[in-house]
Amino acid sequence: MQSSPSVLGEVKKDIATRVMRAISKAQDRGDLPKELSVEVKMETPPRPEQGDFATGVAMVLGREIKTDGRSVAGTIIRHLNIDDSPVLRVDIAGPGFLNFFLDASWLEKAMSRVWAEGPSYGRTDYLNGEKILLEFVSANPTGPLNVVNARAAAVGDCLASMLEMAGAQVSREFYINDAGNQTDVLGDSLEARYRQALGQDFPLPENAYKGEYLKDLAQSLVVEKGPSLLDLADDERHEFFKSYALQKILDWQKKTLQDYGLTFDTWFSEKSLRDMGAHNLVVELLRIKGLTYEKDGAIWFKSTDFGDDKDRVLVKSDEHATATYIVPDLAYHKNKLERGFNHLIDILGPDHHGYVNRLAAGLMGLGYPKGVLEVLIVQVVRLVKGKELVKMSKRGGEFISMDELLEEVGKDAARFFFLMRSPESHLDFDIDLARLQSNENPVFYVQYAHARIASIFRQAKEDGFKFAMGPNEIDFSLLRDASELALMKIIAAFPEEVYEIAKAREPNRLIKFMMDLATAFHAFYTRCRVLGEDPALTAARLYLAKLAQIVLANALRLIGVSAPESM
RNA sequence: GCGCCUGUAGCUCAGGGGAUAGAGCACCUGCCUUCUAAGCAGGGAGUCGCAGGUUCGAUUCCUGCCAGGCGCGCCA
């Protein structure tokens, strides 16, 4: 597994270091006050005429010392040493930006890195040593996955892949809520459907799961077993329906996620924790630490000590002294940390945001540091068709399921659309747009760039082009068109982008990057004919096209969308 | 009442203390006898919800307000 800092990262760091040295030199000479300390952040300016890299550090310093940014920038430049660097020229621009113009040597180096690393290009070691457990989807095993689950699945899977690419060790985990009274209700609901399927006039239990899928399950049980299940003893029968329903629905969810191209590393059962007695242990630990008290016959946790807005019941006052759901969840998160992960990320739905504080409080109560748990809330999804809001499925009474969504628009469009928006924004998912097989659908824009490149190589082969490819075979100086330089810069930025985006937990920015990359390629394709008369130029452009294709493929892999060879 | 999310172009949304606020779709004008036109080039289109504050500079940060969405159990 190859990992190294990106070429772009090295260049930025080199320039930042030189700027830092210039600042301290200016301080030594008394041109800038001594006590200043500042971080030099290198960015990519919005327009090519503003250089390859820029920093606003002079303006930041200017604020500190009440001097205008441009004159501070002038001071920095006077002390700046750019010997043995790719920097050709430094400009002061606007309110005091330092704009750096570089020769193309760093791009050549960056491109050969892409060539060498291929499918693993983008990998860095920024997050080496991080052991992250990323829990997402974790839908209740009481029904089909819904569209918010699909959104969380897209976000979680992409985030996990990006964190891995940035050097972290990541485990994708699905928590199965296979204990608690909802599972009893599920079993009873199935039993009622089974009896109804046998012709009995049998009512659904209170709070029953009313979906069609339980009727289907019941029907297949009748076909398989006839009325024989009614002969079982009460306990045995109850247990059978419960575990049968759980197993079937879980299998179904697994199948849906598999169709989505998502594989979890672990499926963690709540029941297994409960069987180990982990629940009682959590309550006991909190009691020993003096963080619990009794009131109204219940046991409470002083979560307000840890920033929660009210204390929470741990053990109910009912006759069975049942634990509330916070207890198994605390036991579960404690277990995650005991498995050696140093950081936990949960992706939860919008209905759980009120739950975050008490969970964090509980973990702190158990003695874990603040911040080991990070919770990302994925917001609601509304399905629309053009202007019309889609609420119900054709079958009536149920919200449209993830299966139905995938059937309608396919995995590629679904994942792309979910990742286009920032996770915390409310999403209107336009089914009509997503299923369109045309240029109106943004997913094709990126895929098309990949397919177009594949097509160039097919054509090259057909035409019998003889070309030697690779960084040592081509004349890099032939790639000097503005569109070629722009394309190379985006390609060079990929590893840093992956790291920055993973760190910010904003996978939607990867979509933006891919759109920009596709745009840069399409512009290059239009301006620069790849397969031309000049063999040296053809070889150089084929090389660049190949590199663009590598990055497109790597980025598409990160979001779990296919990279077609033709469209 | 409290908490969370959102308010940016006709629509769906990015962005973010600074340099002329962006994309996709829609609309208008050009571009296919040559590597896929699912493309490219260009154009019109915005008081960045409203009002204050901090700042040399706010669409971005802070406060208040308005609007929309979601949540607030000894349910999970």
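The basis for the numbers below is simple: all heavy atoms, side chains too, and nothing from hydrogens, waters or symmetry mates. So you know, we letter chains A, B, ... as the sequences are listed, proteins then strands, and number each from 1. Predicted, not measured: the structure shown is a model, and the values here were computed from it.
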### Message
Can you tell me if A:Ser422 touches the phosphate of B:A14, counting only side-chain N or O atoms and a distance under 4.0 Å to OP1 or OP2?
### Response
yes
### Which residue lies more 5' along RNA chain B, comparing A:Ala323 with A:Pro46 via nearest heavy atoms
A:Pro46
### Task
Using a heavy-atom cut-off of under 4.0 Å over every strand shown, decide if A:Arg382 touches base, sugar-phosphate, or nothing.
nothing
### Message
Can you work out whether A:Ala518 or A:Pro95 has the more 5'-proximal nearest nucleotide on RNA chain B?
### Response
A:Pro95
### Query
Do A:Asn99 side-chain and B:A19 base share a donor-acceptor contact under 3.5 Å?
yes
### Query
Does OP1 or OP2 of B:C72 have a side-chain N or O of A:Lys310 closer than 4.0 Å?
no
#### Entry: Euclidean distance for P, B:C27 against B:G10 (whole angstrom)
16 Å
### Query
Ignoring hydrogens and angles, are the base of B:C5 and the side chain of A:Ser425 linked by a donor-acceptor pair under 3.5 Å?
no
### Query
Would you call A:Arg274 and A:Glu270 a salt bridge, using N to O less than 4.0 angstrom?
yes
### Message
Whether A:Lys302 and A:Asp311 form a salt bridge (side-chain N of Lys/Arg under 4.0 Å from carboxylate O of Asp/Glu) is what I want to check.
### Response
no
### Task
With heavy atoms under 4.0 Å as the rule, sort A:Ala545 into base, sugar-phosphate or nothing.
nothing
### Query
B:G71 base to A:His352 side chain: any donor-acceptor pair below 3.5 Å?
no
### Task
State whether A:Glu374 and A:Arg505 are salt-bridged, where the test is any N-O pair (Lys NZ or Arg NE/NH1/NH2 against Asp/Glu carboxylate O) under 4.0 Å.
yes
### Task
Write down the distance between CG (A:Asp308) and C1' (B:G3), rounded to a whole number of angstrom.
11 Å
### Task
Answer yes or no: is there an ion pair linking A:Glu173 with A:Lys336, defined by an N-O contact shorter than 4.0 Å?
no
### Summary
If pairing means Watson-Crick or G-U wobble with both distances under 3.5 Å, then the partner of B:A23 is B:U12
### Query
With sugar-phosphate meaning primed atoms plus P, OP1 and OP2, does A:Ala449 contact a base, only sugar-phosphate, or nothing at under 4.0 Å between heavy atoms?
nothing
### Task
Indicate whether A:Phe97 forms a stack on B:A19; treat it as stacked only if centroid distance is below 5.5 angstrom and interplanar angle below 30 degrees.
yes
### Query
Donor-acceptor pair under 3.5 Å: do we get one between A:His522's side chain and the base of B:C40?
no
### Message
Measuring only between side-chain heavy atoms, which start at C-beta, is A:Leu373 closer than 4.5 Å to A:Val375?
### Response
yes
### Message
What I want to check is whether the side chains of A:Asp184 and A:His238 have a donor and an acceptor closer together than 3.5 Å.
### Response
yes
### Task
Could you tell me whether A:Arg458 contacts a base, only the sugar-phosphate backbone, or nothing, with contacts defined as non-hydrogen atoms closer than 4.0 Å?
base
### Query
Between A:Lys316 and B:C75, is there a side-chain N or O to OP1/OP2 distance below 4.0 Å?
yes
### Summary
note: A:His426, atom NE2; B:U12, atom C1'; distance rounded to Å ~ 15 Å
### Pair partner, B:C2 [Watson-Crick or wobble, under 3.5 Å]
B:G71
### Query
Does A:Tyr525 have A:Arg452 sitting over its ring (NZ/CZ under 6.0 Å from centre, angle to axis within 45°)?
yes
### Task
In plain terms, say whether A:Arg89 and A:Asp91 are close enough for a salt bridge, that is, a side-chain N and a carboxylate O under 4.0 Å apart.
yes
### Message
Regarding A:Gln182, tell me which of base, sugar-phosphate or nothing describes its non-hydrogen contacts under 4.0 Å with the strands shown.
### Response
sugar-phosphate
### Task
Spell out protein contact along nucleotides 26-35 of chain B as letters: B when the base is contacted, S when just the sugar-phosphate is, - when no protein heavy atom is under 4.0 Å; keep the 5' to 3' order.
S-------BB
### Message
Side-chain N or O of A:Asn207 versus OP1/OP2 of B:A76: is the shortest distance under 4.0 Å?
### Response
no
### Query
Which way is the base of B:C25 turned, syn or anti, if we draw the line at 90° from 0?
anti
### Message
Regarding A:Pro328, tell me which of base, sugar-phosphate or nothing describes its non-hydrogen contacts under 4.0 Å with the strands shown.
### Response
nothing
